[in-house]
Enquirer: 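Submitted below is the structure of interest, expressed as structure tokens.
Residue numbers start from 1 in every chain, and the chains themselves are labelled A, B, ... in the order their sequence lines are given, proteins ahead of strands. Please read all numbers here as calculations on a predicted model, not as lab measurements.
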Protein chains: 2
Amino acid sequence: MTRIAVGERRALLVRAALRVIAETGVSGASTRAIVAEAGMSLASFHYAFRSHDEMMRELVAHVVEAESRVAFAALRPGDDIRAMLREALHAFLGYVVADPEHERVMQELVQYCLRTPGMQSLAREQYDSYYRAVSELLVEGATAAGISWTVPLADLARLVVTTTDGVTLAYLVDRDAAAATRVLDRAADNLAALAVPLAAVLAPARSVAALAVPSTGSVRS
Amino acid sequence: MTRIAVGERRALLVRAALRVIAETGVSGASTRAIVAEAGMSLASFHYAFRSHDEMMRELVAHVVEAESRVAFAALRPGDDIRAMLREALHAFLGYVVADPEHERVMQELVQYCLRTPGMQSLAREQYDSYYRAVSELLVEGATAAGISWTVPLADLARLVVTTTDGVTLAYLVDRDAAAATRVLDRAADNLAALAVPLAAVLAPARSVAALAVPSTGSVRS
DNA sequence: AAGTAAGTGGGACAACTGTCCCAGACGATC
DNA sequence: GATCGTCTGGGACAGTTGTCCCACTTACTT
């Protein structure tokens, strides 16, 4: 029909592919299904992309980029670190509940990358970007609430991502938002327990006990 | 070649299918790939199973049954609840590290059930059996350690499964066993903090503070 | 020993997959 | 207005998929 620039066509195809994946899974995202969804012809697909594989790579890259930009953006700073964590995690859950299919697609794409030769690095990048985003969030939250973390930031970020991943998976299975909320609240409590007021750090003589790290395991990465 | 009873043939095919899935993913588990792995002919497949779909259902059912039987069996009772949780979670991680592909297959099968019409219930059953197994474990551990949980058992079980799921996923992505161990240790600490000595329950006057539930959210399911 | 049911092998089917090619139509440049 | 590179549509390809069918062999029953 109308002429479309290659770049835009690639973007359109990627978006169409994401829609198809949401409906029928990665295995259902054939070139024909994608071009049908996008309202194009097969030739247009192979004009825009060298191969189906190349398209999937671009799709994953696009998704990672978009995800790490939006995922944990809803942070409202405050002086109560527990309330802040709670709110952030609730925001995340709200995101999942609002569009569960999207989250299912994300998880399926991770699996896809893990099992596709030459794509494992993409999965790792995806998680690295998650860890980075959460780390930033935790630092911002800490300064806003005037606290300091008693655990290495990397471990903390991993703990958060682990929790959100697990909660997401469980929600996708039984769609029990109430139970998911309860788990997240518990997680927020546990995370908040790993924070210590900055005052205690500046004047350690006042409350040494508060700095006693509850863990007995290894702490450094 | 030799004659095999239908029942056994079904089991052989399911095992072969699991091997194929471990290598090439669910999408690669075609009837031909499966019978090739099992060393049979196509006709044998459709003699044992009405369809590929029926075989997948039996595979998932088999896997759920086997998983819930083995998964959390390595519990060594003791009087220190935290050490016990730690040991159990480490045992789980050891299981994952020893055979990551198996765990990857499990997660992929969950995704497969979630996206396949008429199979969502299987995913739910899978998780129900997990929750049941973990609940039993938590009860046994509590009696062995002489403690009581300050949180509904169902929430606790969900929290544990959420954690193990998340840790597994993260491990599958970056294969960082040390980081996974640290997260699990942290989780064990957090779980142990939700326990209270039975003595305190029997004689509440002695330490009322210990019973003060740290959560402020909803508690009942 | 004959008959019957259970199990086996190979070939065929239609539908689908990713990829490619070629005849054409469009837009801008000379 | 002719020309050239950019883009489009339809058709074709070889390969794979799930399923089915029919001739065949084996084991057990009577």
Enquirer: State which residues pass side chain to side chain contact (heavy atoms under 4.5 Å, CB included) with B/Thr163; sequence neighbours excluded, sorted by chain then number.
Expert: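 Listed in chain order: B/Val167, B/Leu184, B/Ala187.
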
Enquirer: Any salt bridge linking A/Arg132 with A/Asp128? Criterion: basic side-chain nitrogen under 4.0 Å from a carboxylate oxygen.
Expert: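 Between A/Asp128 and A/Arg132 there is no salt bridge, as every charged N stays at least 4.0 Å from the carboxylate O atoms.
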
Enquirer: Parallel, tilted or perpendicular, judged at 30° and 60°: which one describes the rings of B/Tyr95 and B/His102?
Expert: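 B/Tyr95 vs B/His102 ring planes: perpendicular.
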
Enquirer: When you check every protein heavy atom under 4.0 Å of nucleotides 12-19 of chain C, what one-letter string (B, S, -) results, 5' to 3'?
Expert: B----BBB

Enquirer: Considering residues at least two apart in sequence or located in another chain, which fulfil the side-chain hydrogen bond (donor to acceptor under 3.5 Å, both in side chains) criterion with A/Glu37?
Expert: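 Result, side-chain hydrogen bond (donor to acceptor under 3.5 Å, both in side chains) vs A/Glu37: A/Arg19.
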
Enquirer: Should A/Asp185 and A/Arg86 count as an ion pair when the cut-off is N to O under 4.0 Å?
Expert: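 Yes, A/Asp185 and A/Arg86 are salt-bridged.
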
Enquirer: Report the residues that fulfil salt bridge (Lys or Arg N to Asp or Glu O under 4.0 Å) with B/Glu125, sequence neighbours left out, ordered by chain and then residue number.
Expert: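 So B/Glu125 forms no salt bridge (Lys or Arg N to Asp or Glu O under 4.0 Å) with any residue.
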
Enquirer: If a pair means Watson-Crick or G-U wobble with both distances below 3.5 Å, what does DNA chain C look like in dot-bracket form, with | marking bases paired to a different strand?
Expert: ||||||||||||||||||||||||||||||

Enquirer: Roughly, in whole Å, what's the span from CD in A/Glu54 to P in C/dC20?
Expert: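 That distance rounds to 12 Å.
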
Enquirer: For a quick check of understanding: with a heavy-atom distance under 4.0 Å over all strands, which category does B/Ser41 fall into, base, sugar-phosphate or nothing?
Expert: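 Contact class for B/Ser41: base.
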
Enquirer: Does one side chain, of B/Tyr130 or B/Gln126, offer a donor that lies under 3.5 Å from an acceptor on the other?
Expert: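 Checked: B/Tyr130/B/Gln126 side chains pair up, N/O donor to acceptor below 3.5 Å.
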
Enquirer: Expressed as a whole number of angstroms, how long is the span from A/Leu13:CG to D/dC7:P?
Expert: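 Going from A/Leu13 (CG) to D/dC7 (P), I get 13 Å.
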
Enquirer: Over how many whole Å does the gap from A/Tyr47 atom OH to C/dA25 atom C1' extend?
Expert: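 Roughly 13 Å, once rounded to whole Å.
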
Enquirer: Strictly by salt bridge (charged side-chain N to carboxylate O under 4.0 Å, His left out), give each pair with a member in residues 162-181 of chain A just once, sequence neighbours left out.
Expert: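 Non-adjacent pairs meeting salt bridge (charged side-chain N to carboxylate O under 4.0 Å, His left out): A/Glu101-A/Arg175, A/Asp174-B/Arg158.
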
Enquirer: Rounding to an integer number of Å, can you tell me how far B/Glu8 CD sits from C/dA6 P?
Expert: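 Rounding to the nearest Å, CD of B/Glu8 and P of C/dA6 are 18 Å apart.
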
Enquirer: Rounding to an integer number of Å, can you tell me how far B/Phe49 CZ sits from D/dG18 C1'?
Expert: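 From B/Phe49 CZ to D/dG18 C1': 15 Å.
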
